[in-house]
Participant: 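Just passing along the structure, written as structure tokens.
Labels below follow one simple rule: chain letters A, B, ... track the order of the sequence lines, proteins then strands, and each chain is numbered from 1.
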Amino acid sequence: MTDGENTRPSNFIRHIIDEDLVTGKNDGCVATRFPPEPNGYLHIGHAKSIALNFGIANDYNGTCNLRFDDTNPHKENKEFVNAIMNDVHWLGFDWQDRLYFASDYFKQLYDYAVQLIKKNKAYVCDLNAEQIRAYRGTLTEPGKDSPYRERTVDENLELFARMRAGEFQDGACVLRAKIDMTSPNINLRDPAIYRIRHGVVHHQTGEAWCIYPMYDYTHCISDSIEGITHSLCTLEFEDHRPLYNWFLEELEVSCHPQQIEFSRLNLEYAVTSKRKLTELVDEGLVAGWDDPRMPTIAGLRRRGYTPRALRNFCQRIGVTKVDNIVEMAVLEDCIRTDLNETAARRMAVLHPLKVIITNYSESDVEELPAANHPQDEVMGTRVIQLSNEIYIDQHDFAEVPPKKFKRLTVGGEVRLRNAYVIRCDNVIKDAHGNIIELHCSYDADTLGKNPEDRKVKGVIHWVSAKHALQAEIRLYDRLFKHPTPDASDATKDGSDYKDLINSDSLRTLAHCYIEPSLAEAQAGEQFQFEREGYFCLDSMHLPGNVPVFNRVVTLRDTWAKIERKQ
RNA sequence: UGGGGUGUCGCCAAGCGGUAAGGCACAAGGUUUUGAUCCUUGCAUACCCAGGUUCGAAUCCUGGCACCCCAGCCA
């Protein structure tokens, strides 16, 4: 039910909008926006917000703008702008011609600030950062007025103009809203709304400005300018809402959007904070923003996740105000559900063990048809080659089999997927006792049919040793070994979330064998390697190089569960 | 006795005064040339706790308790 992309989710934000529609608020219009700051790549938490904002716009016949909240040029750049646009599109959402930057409004924002000063609702304050902090008071004690709070309107007007003209050094003064230094809500204790920043080149406005507006001031006005009806943001902005409303009321703008807060997504065994993701990248703890272990959109894409799976995930987790930590199993089920339906089946041997089929002619090669999907005939078939030498996986053979083992054992039989039943006659070992080869014999009367006199339970995958291609396969696992790496209980022993990185999160298998048809795989294309999992050809793959396949996710593994219990 | 929020199954989450949806996870069966998929079944006499209102409360009221967020010239 929650799987269908066509079913409308039910959540408190949609209830509010439904109510607004019946009361005729906003003339029945719905306008949302996705407002990222271009100071990093988007992560799965942003996907939730994107799906929410664009999803609502879509379902209510409204619009959703993409607006970059680019008021802090120190941390932002064009690479991030481009990466974000790319990721939103890739996820399947379109802002059409509604691409905006908060920096588009710098002039208007400046004029509004002048308006505020004229109303005696803003003043230039010469206190430095530490002094402002001291004057702010604490959570339980009120703050006290700045000595500059009662400057005249004219004086403030002149000072602010000089700030803009570049007459003051960074930090020399700020423009502050004049609200209430004794407010129990700290956000209302005369917040700074403009600061001075010399010597930075803004990625959109260049060096046109040396003063930059702050988030609280910018965001509500940007929303208002764009005619946003419902401004959706995360819970930590809840006590900024009075400030959001204060600016819009003082400025007497014609559009006053409603800010609604929802809880951000937390994913087990991952961090979803831009600060931390930036650290992982900057300190080289991962290979980059698109490292397949990263919970970034770019990382998930490189890992082999599909937009559809991610959209489905966002729908499944819902939207509430409750603090939550979603299990990785939900995400994994989403990609399995998608790929089970769409990925072609192939065979690949990850841990090769040579098998000689002793009664199979050395010069013979058979070309066997194999279905690309067991349930979907329209996906067609491909040809696989069989010869007297094949590779199977080391885990599919056991000299001393555990209970319920239905793979190959000495003297036992197993079916080669899409081919014949073989029996293991002999185990060849090296001087150290390591198994290096198996000698088997095949039953020629078992192609496409089961033997009548006996039951062969196991089926294993394989590739022809004479035909297989070499490949590197990268097995990815969760990046962190702790379910909540950034929670205080996980780090209270003084360890940092970075100490909780799973050293086994990437295992590279350099010498794997894959079936020849995989030579035609396209970069980024996903396959199911039967009995192993879903894999995708790395998007950086260049034709002619040894292919690298990334494991997207394993198959559900009932056998592993049984083994664990034993 | 600073302010703002949140509490429904292990994890998400519907529910909006008429007697606890769904998904994931888990468990047990069945089909199967993937120990996959698919199918069937089970899984909250109970909604943080305690009172109260009502014929009837997860939903309303009162009082507790627990947890989260806020003291950037970040967003």
Participant: Just wondering, do A/Y215 and B/A75 stack (centres under 5.5 Å, planes under 30°)?
Facilitator: no
Participant: Search all heavy atoms of A/V463 against all heavy atoms of A/I514 and return the closest pair with its distance.
Facilitator: CG1-C, 4.0 Å
Participant: Between A/F529 and A/H461, does the ring centre distance come in under 6.0 Å?
Facilitator: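 Between A/F529 and A/H461, the centre distance exceeds or equals 6.0 Å.
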Participant: For B/A36, does OP1 or OP2 lie under 4.0 Å from any side-chain N or O of A/T558?
Facilitator: yes
Participant: Using the P atom in both, what is the distance from B/C43 to B/U6, to the nearest Å?
Facilitator: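 Pairwise P distance, B/C43 against B/U6, rounds to 32 Å.
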Participant: Taking the six-membered ring of A/Y497 (Phe, Tyr or Trp), confirm whether the NZ or CZ of A/K276 is under 6.0 Å from its centre and within 45° of its axis.
Facilitator: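 Yes, A/K276 sits over the ring of A/Y497.
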Participant: Is A/T218 near enough to B/A75 that one of its side-chain N or O atoms lies under 4.0 angstrom from OP1 or OP2?
Facilitator: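 For B/A75, OP1/OP2 do not have a side-chain N/O of A/T218 under 4.0 Å.
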Participant: Mapping A/R195 and A/P184 onto RNA chain B by nearest heavy atom, which one lands closer to the 5' end?
Facilitator: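 Counting from the 5' end, the first nearest nucleotide belongs to A/P184.
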Participant: A/F397 ring centre to A/R407 NZ or CZ under 6.0 Å, with the angle to the axis within 45°?
Facilitator: no
Participant: Just the rounded figure in Å: distance from P of B/C70 to CD1 of A/I179.
Facilitator: 19 Å
Participant: Can the ring centroids of A/F68 and A/F101 be said to lie less than 6.0 angstrom from one another?
Facilitator: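 Ring-ring flag for A/F68/A/F101: true, centres closer than 6.0 Å.
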Participant: Can a side chain N or O of A/H240 be found less than 4.0 Å away from OP1 or OP2 on B/C69?
Facilitator: no
Participant: Does A/R133 get its side chain close enough to the base of B/G72, under 3.5 Å, for a donor-acceptor pair?
Facilitator: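 Flag unset: no donor-acceptor pair detected.
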Participant: Determine the contact category for A/L188: base if any of its heavy atoms lies under 4.0 Å from a base atom, sugar-phosphate if only primed atoms, P, OP1 or OP2 are that close, otherwise nothing.
Facilitator: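 Nothing: the residue A/L188, judged by heavy atoms under 4.0 Å, touches no strand.
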Participant: Polar pairs (N or O, both sides) under 3.5 Å between protein and nucleotides 4-8 of chain B?
Facilitator:
| from | atom 1 | to | atom 2 | distance (Å) |
| --- | --- | --- | --- | --- |
| B/G5 | O2' | A/E238 | OE1 | 3.3 |

Participant: Under 4.0 angstrom, heavy atoms only, what part of the nucleic acid is A/Y194 near: base, sugar-phosphate, or nothing?
Facilitator: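 The residue A/Y194 makes no contact with any strand.
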Participant: Heavy atoms under 4.0 Å, any strand shown: does A/G448 hit a base, just sugar-phosphate, or nothing?
Facilitator: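 Since a base atom lies under 4.0 Å of A/G448, the category is base.
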Participant: Calculate the interatomic distance between A/F80 atom CZ and B/A75 atom P; express it in whole Å.
Facilitator: 16 Å
Participant: If I pick the C1' atom on B/C26 and the same atom on B/C9, what distance separates them, to the nearest angstrom?
Facilitator: 11 Å
Participant: Can you check whether any acceptor in the base of B/U34 is under 3.5 Å from a donor in the side chain of A/R531, or vice versa?
Facilitator: no
Participant: Go through A/E79 and A/Y41 one step at a time and tell me if the side chain to side chain donor-acceptor pair (under 3.5 Å) criterion holds.
Facilitator: CA-CA 9 Å; A/E79 179 203 342; A/Y41 278 56; 2.9 Å; yes
Participant: In whole Å, measure the gap between the P atoms of B/U59 and B/C49 for me.
Facilitator: 10 Å
Participant: On RNA chain B, does the nearest nucleotide to A/N340 precede the nearest nucleotide to A/A329 from the 5' side, or the other way round? Give the residue.
Facilitator: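 First, find each residue's nearest nucleotide; the 5'-ward one identifies A/A329.
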Participant: Does A/E532 make a side-chain donor-acceptor contact with the base of B/U34, cut-off 3.5 Å?
Facilitator: no
Participant: In whole angstrom, give the distance that lies between atom CZ of A/R189 and atom P of B/G2.
Facilitator: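 Computing the A/R189:CZ to B/G2:P distance gives 13 Å.
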Participant: Determine, using ring centers only, whether A/F160 and A/Y110 are less than 6.0 Å apart.
Facilitator: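 Between A/F160 and A/Y110, which both carry aromatic rings, the centre distance is below 6.0 Å.
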Participant: Considering only atom C1', compute the distance from B/U8 to B/A46 and round it to an integer number of Å.
Facilitator: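 Looking at atom C1' only, B/U8 and B/A46 are 9 Å apart.
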Participant: How close or far is atom C1' of B/G15 from atom NE2 of A/H15, stated in whole angstroms?
Facilitator: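 After rounding, the gap between these two atoms is 8 Å.
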Participant: What does A/K274 touch in the nucleic acid at a heavy-atom separation under 4.0 angstrom: a base, only the sugar-phosphate, or nothing?
Facilitator: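 Nothing, no nucleic acid heavy atom in range.
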Participant: Which part of the nucleic acid, if any, lies within reach of A/V553 when heavy atoms closer than 4.0 Å are counted: base, sugar-phosphate only, or nothing?
Facilitator: nothing
Participant: Say we look at B/A50 and B/A25: how far apart would their C1' atoms be, to the nearest angstrom?
Facilitator: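 Each nucleotide's C1' atom is 33 Å from the other's.
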Participant: Applying a 4.0 Å non-hydrogen cut-off, can you work out what A/Q528 is touching in the nucleic acid: base, sugar-phosphate, or nothing?
Facilitator: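 Base, at least one base heavy atom under 4.0 Å.
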Participant: Does A/E515 pair with A/R382 as a salt bridge, N-O distance under 4.0 Å?
Facilitator: yes
Participant: Taking N and O atoms by type only, does the side chain of A/E141 place a donor or acceptor under 3.5 Å from a partner on the base of B/G2?
Facilitator: no
Participant: What interatomic distance, in whole Å, is found between C1' of B/A13 and the corresponding atom of B/A58?
Facilitator: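 That atom pair is separated by 14 Å.
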Participant: Give a yes/no on whether any side-chain N or O of A/R136 is located under 4.0 angstrom from OP1 or OP2 of B/G72.
Facilitator: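 Yes, because at least one side-chain N or O of A/R136 sits under 4.0 Å from OP1 or OP2 of B/G72.
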Participant: If we take the C1' atom in both B/C61 and B/A57, what is their distance in whole Å?
Facilitator: 11 Å
Participant: Once you round it to whole Å, what is the distance between P of B/A75 and OH of A/Y41?
Facilitator: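 Value for this atom pair: 22 Å.
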Participant: Compare side-chain N and O positions of A/T320 against OP1 and OP2 of B/A13 and report whether any pair is under 4.0 Å apart.
Facilitator: yes
Participant: Considering every strand and a 4.0 Å limit on heavy-atom distances, what is the contact class for A/Q375: base, sugar-phosphate, or nothing?
Facilitator: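 Base contact.
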Participant: With respect to the side chain of A/E236, which nucleotide from B/G35, B/U33, B/C69 is positioned closest?
Facilitator: B/C69
Participant: Whole Å only: how far is the CG atom of A/N324 from the C1' atom of B/C67?
Facilitator: 14 Å
Participant: Rounded to whole angstrom, note down the C1' distance from B/U54 over to B/C60.
Facilitator: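 Here B/U54 and B/C60 have their C1' atoms 9 Å from each other.
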Participant: Syn or anti for B/G72, given that syn means the glycosidic angle lies within 90° of 0?
Facilitator: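 Chi for B/G72 falls in the syn range.
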Participant: Distance check needed: B/U33 C1' versus A/R454 CZ, whole Å only.
Facilitator: 14 Å
Participant: Determine, stepwise, if the pair A/Y212 / A/N72 fulfils side-chain contact (heavy atoms from CB on, under 4.5 Å).
Facilitator: CA-CA 7 Å; A/Y212 289 93; A/N72 187 358; over 6 Å; no
Participant: Decide side chain to side chain donor-acceptor pair (under 3.5 Å) for A/Q259 and A/E261; before the verdict, give the C-alpha distance in whole Å, the side-chain angles of both, and the deciding distance to 0.1 Å.
Facilitator: CA-CA 7 Å; A/Q259 174 177 304; A/E261 310 84 10; 3.0 Å; yes
Participant: Roughly, in whole Å, what's the span from CG in A/D216 to C1' in B/A71?
Facilitator: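 The distance from CG of A/D216 to C1' of B/A71 comes to 14 Å, rounded to the nearest Å.
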Participant: Looking at A/R197, does any N or O in its side chain come under 4.0 Å of the phosphate oxygens OP1/OP2 on B/C74?
Facilitator: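 Affirmative; the distance criterion is met.
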